[in-house]
Trainee: 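Submitted below is the structure of interest, expressed as structure tokens.
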Amino acid sequence: MSQQLDSLDIKILQMLSDNARKPYLEIARETGVSGAAIHQRIGKLQSIGIIKGSNTVIAPESIGYDTCAYLGIYIKDPSKFDDIVDKLQQIPEVVECHLTTGQYDILLKVYAKNNEDLYDVIHHKLHSLDLGRSETIISFKELFKRQLPISLS
């Protein structure tokens, strides 16, 4: 790791990785240190960028987003890259955007209500950004998702 983490930091990260809503006092009890020390450590981990927040994860299908797709995007004019990324941030269906090596300039993760809605997102919202072209892969089902393992080594 690029930051120096001690065993207490690792224990805290492991616990929060399993349950981001775990109360500080419960973490303190399980690690044998004071609640104030845990609060201070978590603040430190946030300030140095190791903990980047905590989110409520909503199941997309529970709110009507049944289609998940990954889009490889080619950019016609590289000088417009920053402008395109700014515009992508304004499209709510785009939930992830990655700068990549290889075949694509950008890889997107997009949610849509159904295939017709996905078509609309691609052909009306994305292609209006003056992109080169895109390739779409529809995900039938997310089989698993997990946190990275946290250890001292």
Side-chain angles (χ1 to χ4, degrees), residues 1-6 8-24 27 38-153:
M1 291 186 190
S2 61
Q3 300 288 332
Q4 287 288 41
L5 301 177
D6 64 18
L8 179 57
D9 292 329
I10 297 299
K11 286 178 189 174
I12 292 168
L13 291 171
Q14 288 169 334
M15 288 182 207
L16 291 176
S17 176
D18 289 339
N19 177 5
R21 295 176 53 108
K22 189 168 197 152
Y24 288 4
I27 295 171
I38 295 300
H39 189 8
Q40 184 179 36
R41 287 292 184 110
I42 290 173
K44 177 193 86 168
L45 293 168
Q46 290 170 330
S47 70
I48 61 177
I50 291 175
I51 295 176
K52 292 189 174 196
S54 60
N55 297 331
T56 299
V57 179
I58 299 169
E61 64 280 359
S62 72
I63 57 170
Y65 288 87
D66 292 328
T67 300
C68 175
Y70 294 87
L71 280 78
I73 303 293
Y74 300 90
I75 296 177
K76 269 195 275 191
D77 182 355
S79 71
K80 294 183 179 181
F81 180 84
D82 291 335
D83 184 49
I84 289 171
V85 172
D86 288 342
K87 289 177 181 173
L88 287 169
Q89 287 183 307
Q90 303 307 311
I91 301 172
E93 295 88 351
V94 176
V95 296
E96 290 184 24
C97 179
H98 300 268
L99 174 63
T100 62
T101 63
Q103 190 171 359
Y104 311 114
D105 297 314
I106 296 174
L107 182 67
L108 303 177
K109 183 176 183 180
V110 174
Y111 280 101
K113 295 180 184 205
N114 52 42
N115 287 350
E116 185 177 325
D117 187 38
L118 179 62
Y119 178 87
D120 183 62
V121 169
I122 293 169
H123 290 280
H124 296 109
K125 294 182 179 182
L126 293 175
H127 286 182
S128 70
L129 303 180
D130 197 30
L131 303 172
R133 63 185 179 94
S134 65
E135 291 185 18
T136 305
I137 299 169
I138 293 178
S139 169
F140 290 130
K141 181 179 183 180
E142 182 179 280
L143 299 176
F144 70 88
K145 184 176 183 174
R146 63 178 165 217
Q147 293 282 354
L148 288 170
I150 301 166
S151 65
L152 278 172
S153 52

Trainee: Just wondering, do V85 and I106 contact through their side chains at under 4.5 Å, heavy atoms?
Mentor: yes
Trainee: Do the side chains of I138 and L118 get nearer than 4.5 Å, heavy atoms only?
Mentor: yes
Trainee: Would you say CD of Q46 has more than 12 non-hydrogen atoms from neighbouring residues, nucleotides or ligands within 6.0 angstrom?
Mentor: yes
Trainee: Can you tell me how far apart CZ (R41) and CD1 (I27) are? Round to the nearest 0.5 Å.
Mentor: 12.5 Å
Trainee: Roughly how far, to the nearest 0.5 Å, is the CD1 atom of I10 from the OG atom of S17?
Mentor: 11.0 Å
Trainee: Mind checking side chain to side chain donor-acceptor pair (under 3.5 Å) for H39 and listing every partner two or more places apart, or none if nothing turns up?
Mentor: none
Trainee: Could you please spell out the steps behind the salt bridge (Lys or Arg N to Asp or Glu O under 4.0 Å) verdict for D130 and K87?
Mentor: CA-CA 11 Å; D130 197 30; K87 289 177 181 173; over 6 Å; no
Trainee: Which atoms form the tightest heavy-atom contact between Y24 and I38, and what is the distance?
Mentor: O-CG2, 4.0 Å
Trainee: With V110, which of T67, V94, I91 fulfils side-chain contact (heavy atoms from CB on, under 4.5 Å)?
Mentor: V94
Trainee: Measuring from atom OG1 of T100 to atom CG of L107, what distance do you get when rounded to the nearest 0.5 angstrom?
Mentor: 6.0 Å
Trainee: Taking atom NZ of K80 as the centre, does the number of heavy atoms from other residues, nucleotides or ligands within less than 6.0 Å exceed 12?
Mentor: no
Trainee: Grab the two heavy atoms, one from K76 and one from G132, that are nearest each other, plus how far apart they are.
Mentor: CG-CA, 3.4 Å
Trainee: Is atom CD of E96 surrounded by more than 12 heavy atoms (other residues, nucleotides or ligands) closer than 6.0 Å?
Mentor: yes
Trainee: Assess whether a salt bridge exists between K113 and D120, defined as any Lys/Arg side-chain N lying under 4.0 Å from an Asp/Glu carboxylate O.
Mentor: no
Trainee: Looking at every non-hydrogen atom in both residues, tell me the closest pair between S79 and D77 and how far apart they are.
Mentor: OG-OD1, 2.7 Å
Trainee: For N55 and V57, indicate whether the former's side chain and the latter's backbone hold a donor-acceptor pair under 3.5 Å.
Mentor: no
Trainee: Quick one: does Q89's side chain get under 4.5 Å of D86's, heavy atoms only?
Mentor: yes
Trainee: Give a yes or no on this: more than 12 heavy atoms of other residues, nucleotides or ligands lie within 6.0 Å of atom CD1 of I63.
Mentor: yes
Trainee: Tell me the closest heavy-atom pair linking V95 and P92, and the distance in Å.
Mentor: CG1-O, 4.2 Å
Trainee: Are E135 and Y74 linked by a side-chain donor-acceptor pair shorter than 3.5 Å?
Mentor: yes
Trainee: Output the distance between atom CD1 (I122) and atom CG (L131), rounded to the nearest 0.5 Å.
Mentor: 11.0 Å
Trainee: Can you find a heavy atom in the side chain of D9 that is under 4.5 Å from one in the side chain of I50?
Mentor: no
Trainee: With a 4.5 Å cut-off on side-chain heavy atoms, are I73 and L129 touching?
Mentor: no
Trainee: Between Q14 and I150 (side chain of the first, backbone of the second, donor and acceptor by atom type, cut-off under 3.5 Å), is there such a pair?
Mentor: yes
Trainee: Distance from Q40 atom CD to L45 atom CG, nearest 0.5 Å?
Mentor: 11.0 Å
Trainee: Measure across I75 and I84 and return the closest heavy-atom pair with its distance rounded to 0.1 Å.
Mentor: CG2-CD1, 3.7 Å
Trainee: Quick one: pull up NE2 in H127 and OG in S134 and give me the separation to the nearest 0.5 Å.
Mentor: 3.5 Å
Trainee: Please name the pair of heavy atoms, one in E142 and one in S139, separated by the smallest distance, quoted to 0.1 Å.
Mentor: N-OG, 4.2 Å
Trainee: Side-chain contact test, heavy atoms from C-beta onward, threshold under 4.5 Å: evaluate it for K109 versus C68 and give yes or no.
Mentor: yes
